[in-house]
Amino acid sequence: QVQLVESGGGLVQSGGFLRLSCVASGSISGLNNMGWYRQASEKERELVALIAATGSTNYADSVKGRFTVSRDNAKKTVTLQMNNLKPEDTAVYYCYYRRTLGGKVYWGQGTQVTVSA
């Protein structure tokens with residue numbers, strides 16, 4: 001089992017910034033993909049950013065140039081730095097974990113991000 005705990009959500013003005021963190025614990029493989037998805041009200045959950053064990057990243061087009069995902073393997077933490085936030089970024093953000101070779105997907109409990117105009 002893998003446990004993921006997010007923190008850092010909150011209310012911010014348009015154009016502001018926020019930093020989300022996710023700490024993983026449990027049976028963590030050294031070869032894994034981690035990152036962030038988000039789900040706005042009445043919308044499907046969508047990919048925001050992924051980062052592989054190698055450091056390779058993948059971003060949604062809507063956040064490229066504004067968001068940066070990083071990881072600290074020693075601390076077993078993945079971070080999402082969100083800059084120049086827009087109202088359309090408002091959503092619940094979920095931490096994601098999956099072994100590179102497959103297996104079940106693990107999710108954090110979610111943290112709310114609200115961007116006011």
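One-based numbering along the sequence shown.
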Min side-chain heavy-atom separation Y94-E6 under 4.5 Å: yes
Assess the residue pair W36 and L20 against the criterion (side-chain contact (heavy atoms from CB on, under 4.5 Å)); give the C-alpha distance rounded to whole Å, side-chain angles, the decisive distance to 0.1 Å, and a yes or no. CA-CA 9 Å; W36 298 89; L20 306 182; 3.7 Å; yes
Look up atom OG in S70 and atom CG in L80, then write down how far apart they are to the nearest 0.5 Å. 8.5 Å
Looking at T57, T77, N32, which one forms a side chain to side chain contact (heavy atoms under 4.5 Å, CB included) with R71? N32
May I ask you to decide if the ring planes of Y96 and Y37 are parallel, tilted or perpendicular, using 30° and 60° as cut-offs? tilted
Between atom CG of N58 and atom CG of L47, what is the distance when rounded to the nearest 0.5 Å? 5.5 Å
Using modelled atom types only, decide if a donor and an acceptor are shared between the side chain of Q13 and the backbone of S116 within a distance under 3.5 Å. no
Quick one: do L50 and V92 end up in the same hydrophobic cluster if we chain Ile, Leu, Val, Met, Phe, Trp and Tyr together by side-chain heavy atoms under 4.5 Å apart? yes
Do the side chains of M82 and Y93 get nearer than 4.5 Å, heavy atoms only? yes
From CA spacing to verdict: side-chain contact (heavy atoms from CB on, under 4.5 Å), F67, D89: CA-CA 11 Å; F67 291 9; D89 295 318; 3.9 Å; yes
Verdict with supporting geometry, E46 and Q39, side-chain contact (heavy atoms from CB on, under 4.5 Å): CA-CA 6 Å; E46 65 176 359; Q39 186 167 19; over 6 Å; no
In the structure I gave you, are the side-chain heavy atoms of R45 and W107 within less than 4.5 Å of one another anywhere? yes
Which atom names give the shortest non-hydrogen contact between V113 and G9, and what distance separates them? CG2-CA, 4.2 Å
If Ile, Leu, Val, Met, Phe, Trp and Tyr residues are connected whenever their side-chain heavy atoms lie under 4.5 Å apart, and connections chain through other members, are V12 and V63 in the same group? yes
Centre of Y106's six-membered ring, under 6.0 Å away, within 45 degrees of the axis: is that where NZ or CZ of R98 sits? no
Supply the atom-to-atom distance T100 OG1 to N33 CG, rounded to the nearest 0.5 angstrom. 4.0 Å
For K76 and V2, run side-chain contact (heavy atoms from CB on, under 4.5 Å): C-alpha distance rounded to whole Å, both residues' side-chain angles, the deciding distance at 0.1 Å, then the answer. CA-CA 11 Å; K76 300 179 181 179; V2 174; over 6 Å; no
Locate the shortest heavy-atom distance separating C22 from L4; write the atom from each residue and the value. SG-CB, 3.8 Å
Got a donor-acceptor contact below 3.5 angstrom from the Y59 side chain to the V69 backbone? yes
Minimum heavy-atom separation for A40 to A91, with atom names? N-CB, 3.7 Å
Minimum heavy-atom separation for R99 to S27, with atom names? NH2-O, 2.9 Å
Correct closest heavy-atom pair for S56 and T54 would be OG-OG1, 3.2 Å
Determine the sole option in T79, D72, V78 for which the side chain to side chain contact (heavy atoms under 4.5 Å, CB included) test with K75 is passed. D72
I'd like to check P87 versus S14 (side-chain heavy atoms, cut-off strictly below 4.5 Å). Are they in contact? yes
When rounded to the nearest 0.5 angstrom, what is the spacing between NZ in K43 and OG1 in T90? 13.0 Å
Can D61 and K64 be counted as an ion pair, charged N to O under 4.0 angstrom? yes
Flag yes if more than 12 heavy atoms outside Q112 fall under 6.0 Å of its CD atom; otherwise flag no. yes
Is it true that, when you exclude E44 itself, more than 12 heavy atoms of the residues, nucleotides or ligands shown sit nearer than 6.0 Å to its CD? no
So do R66 and K86 actually touch side chain to side chain, heavy atoms under 4.5 Å? yes
Minimum heavy-atom distance between M34 and A24, given as atom pair plus value: CE-CB, 4.1 Å
